[in-house]
Amino acid sequence: MAEHPTVHAAVAPGPGRAVPLRRTRLQKLLENTTLWRGIVAIVGFILFWEVCSQWKGWFGYQIPWIGKVAPPSDVMAVWMDILPQPGYWESWYLSTFRVFLGFAIAQVIGIPFGLALAVNKYFRDVFFPPFEVLRPIPPLAWVPAAIIFWPTTELSITFVTFLGAFFTIVINVLGGARSIDGRYLRAAQSMGASQWDLFRRIILPGTLPSIFTGAAVGMGITWEVVLAAEMISGGGQQAGGGLGFFIWSSFMGGSIEQVIVGMISIGIAGYLSSSAIRYLGSVCMPWRRLF
Amino acid sequence: MPESATETPGAGITAQAPAPAAKATRGAISIRNVTKIYDPEGVNVMAVDDCSLEIAAGEVCMIVGPSGCGKTTLLNAIAGFHSITFGEIYLDGQLLCGPEKPLADQGADRVVVFQNGALFPWKTLLQNVAYGPIVQETMGKAEALEKAADMLAEAGLADMAKKFPGEVSSGMARRAEIVRALINDPKVLLLDEPYRAMDALTKSIMHEALLEMYDRTKVTMFFITHDLEEAIFLGDRVVVLTTRPAKTKKIVDVKIPRPRDYRLLGSEEFRLLVSEAKGAVHEEAIKAFEAGERELA
Ligand SMILES: Nc1ncnc2c1ncn2[C@@H]1O[C@H](COP(=O)(O)OP(=O)(O)O)[C@@H](O)[C@H]1O
Ligand SMILES: [Mg+2]
């Protein structure tokens with residue numbers, strides 16, 4: 001895609017040449033080549049998928065693998081049918097609620113736990129070894145145990161979701177706090193900072209970038225785990241649906257279109273969640289917005 | 001000055017330190033027979049060996065020596081970042097560290113300006129400068145911010161106050177860092193190669209700003225550098241250290257009156273002093289280099 005001529009004009013206004021007016025946000029958005037490439041890529045992909053899926057109907061020959069997949073037009077049609085149904089939105093609500101509950105608990109416990117591991121040697125000596133033994137166990141391996149431990153399926157799912165994010169968050173916080181440049185700590189101490197000042201004004205803000213990295217990765221894992229947990233637990237009687245169960249029951253019911261609708265819904269949900277975290281990150285860390 | 005100082009090798013030269021301006025009545029450092037051995041039971045690196053040095057109140061004392069000779073080690077001992085193995089260090093006649101108390105307390109009377117800069121990236125320049133008074137609770141938050149703004153303006157950084165360190169040039173960041181140190185009204189400024197890796201032009205601007213600041217505050221400076229022209233231009237004395245373990249090898253007195261400006265750089269007197277210091281440093285640099293080769297072989 002060609003560079004916009006006004007960009008050059010703005011960079012190098014020659015002598016006597018009028019400096020172009022500041023462009024509005026909308027203009028800038030429209031001139032954003034990255035955005036356009038993204039749109040073209042997504043539209044191109046959907047077209048490619050449509051053509052491949054329709055190939056058999058048009059030419060009598062099925063393209064392997066992708067030829068079996070329902071075309072996007074059918075998926076769209078099914079989606080439009082489902083959209084007004086409260087059950088679909090309830091699935092969204094249930095999964096989102098579980099993700100955020102597990103995620104929030106993981107943050108609330110994980111951040112202080114990681115910071116404590118980072119700043120206190122005794123705490124680290126005692127808690128780090130068991131933590132490291134438990135960490136490699138995949139969250140889904142906890143599902144049977146969770147179902148036995150917790151009285152309700154809902155609690156089991158929340159617990160497994162929590163685990164998914166917890167380990168990632170702790171490892172990121174620990175790593176971030178431990179890798180704060182020693183010069184900042186020394187500078188602060190030499191200006192008379194107390195232990196509490198060091199923690200609050202140096203270690204905490206110094207760890208924020210890692211907290212947000214942990215949150216972004218943890219959020220991704222939480223969605224994976226919630227979906228899988230919903231499928232495994234079958235949604236449960238009291239627990240009910242969720243997007244994972246939505247996909248699973250669509251598969252059992254033989255509706256490939258509905259399975260794809262579920263998958264895309266999860267993609268959108270995951271994207272919205274990570275956008276929210278990125279936005280929160282830029283609000284909490286204004287010094288990182290510069291670059 | 002305490003009696004034991006007369007026994008130390010550096011003491012004789014101290015008397016010749018240029019008379020500091022009337023205002024400088026504090027910030028005299030006395031380093032007496034200091035030895036620092038890192039990890040005596042393990043790797044056992046002797047970084048400083050029986051080093052003595054008297055720095056007068058209000059003196060700009062430049063420390064030069066081959067890299068790895070123990071300059072930072074000495075600075076860290078004064079700042080209280082690590083302990084010394086033998087000897088004593090006094091500040092204005094008060095013991096900072098000695099045999100009974102090998103690690104000096106850290107305090108805002110000796111503020112450090114670091115090699116690569118250590119402004120907190122998550123605070124604006126203004127918040128950075130206000131940091132010391134706020135954590136020491138010597139001022140309320142509003143008062144500290146106001147004072148910080150005044151001091152930044154005085155240093156020509158008024159427009160930059162609301163910016164983050166990542167948004168300003170390294171020269172401005174370093175200037176702000178010195179302001180952040182000065183707001184604590186320290187007795188001594190400990191500078192560890194603050195202008196390293198800056199281009200010559202930026203450096204000369206930094207030097208003039210620093211001298212201007214010094215003429216105003218007359219704060220004692222313990223200033224480490226490996227740039228000999230910088231050392232002579234800024235310093236009252238230039239202390240050349242030997243290759244590791246560090247001892248004082250030679251002290252060059254710079255009896256050039258203040259205020260100084262860049263025209264000094266062209267003068268014969270200046271060049272003679274630089275070459276005098278260069279001779280001493282060069283000898284040590286060769287020793288350090290050869291020692292390095294032996295270690296590799
Ligand atoms: N914590 C440490 N443990 C062991 N050796 C160290 C330590 N810190 C510095 N050294 C060694 O002490 C010597 C002096 O270091 P330093 O004071 O940093 O030198 P410089 O003069 O370049 O500032 C060097 O050889 C360095 O390798
Ligand atoms: Mg050094």
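Throughout, a chain's letter reflects where its sequence line sits, starting with A, and its residues are numbered from 1.
- Around the NZ atom of B/Lys141, the shell of radius 6.0 Å holds no more than 12 heavy atoms that belong to other residues, nucleotides or ligands.
- A/Ile202 touches chain B through backbone and side chain together, each having a heavy atom under 4.5 Å away.
- Note that CG of B/Asp109 is 9.5 Å distant from OG of A/Ser190, once rounded to the nearest 0.5 Å.
- Distance OG/A/Ser194 to CD/B/Gln136: 11.0 Å, rounded to 0.5 Å.
- For chain A, the nearby part of B/Lys123 is the side chain; its heavy atoms alone come within less than 4.5 Å.
- Atom CD of B/Glu146 has 12 or fewer heavy atoms from other residues, nucleotides or ligands within 6.0 Å.
- Within the model, atoms CZ of A/Arg186 and CG of B/Asn76 stand 4.5 Å from one another, a figure rounded to the nearest 0.5 Å.
- Here CE of A/Met191 is found 7.0 Å from CG of B/Asn128. Values are rounded to the nearest 0.5 Å.
- For the pair A/Pro205 and B/Phe120, the minimum side-chain heavy-atom distance is 4.5 Å or more.
- With hydrogens and angles disregarded, no donor-acceptor distance shorter than 3.5 Å links the side chain of A/Arg183 to the backbone of B/Phe114.
- Ranked by heavy-atom pairs shorter than 4.5 Å toward chain A, the options B/Pro121, B/Gly132, B/Gly107 are led by B/Pro121.
- Checked against a 6.0 Å centroid threshold, the rings of A/Tyr184 and B/Trp122 count as neighbours.
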Report, one line per pair, each donor and acceptor closer than 3.5 Å where one atom sits in a side chain of residues 106-130 of chain A; sequence neighbours left out.
from     : atom 1 : to       : atom 2 : distance (Å)
A/Asn120 : OD1    : A/Tyr122 : N      : 2.8
A/Asn120 : OD1    : A/Phe123 : N      : 3.0
A/Lys121 : NZ     : A/Asp125 : OD2    : 2.9
A/Arg124 : NH1    : A/Leu117 : O      : 2.7
A/Arg124 : NH1    : A/Ala118 : O      : 3.2

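- Within the 4.5 angstrom heavy-atom criterion, only side-chain atoms of B/Ile134, from C-beta onward, approach chain A.
- Contacts of B/Phe81 with chain A are made by both backbone and side-chain atoms, with heavy-atom separations under 4.5 Å.
- Ranked by heavy-atom pairs under 4.5 Å with chain A, the list B/Asn184, B/Val135, B/Leu190 is led by B/Val135.
- Atom CD of B/Glu137 has 12 or fewer neighbouring heavy atoms from other residues, nucleotides or ligands inside a 6.0 Å radius.
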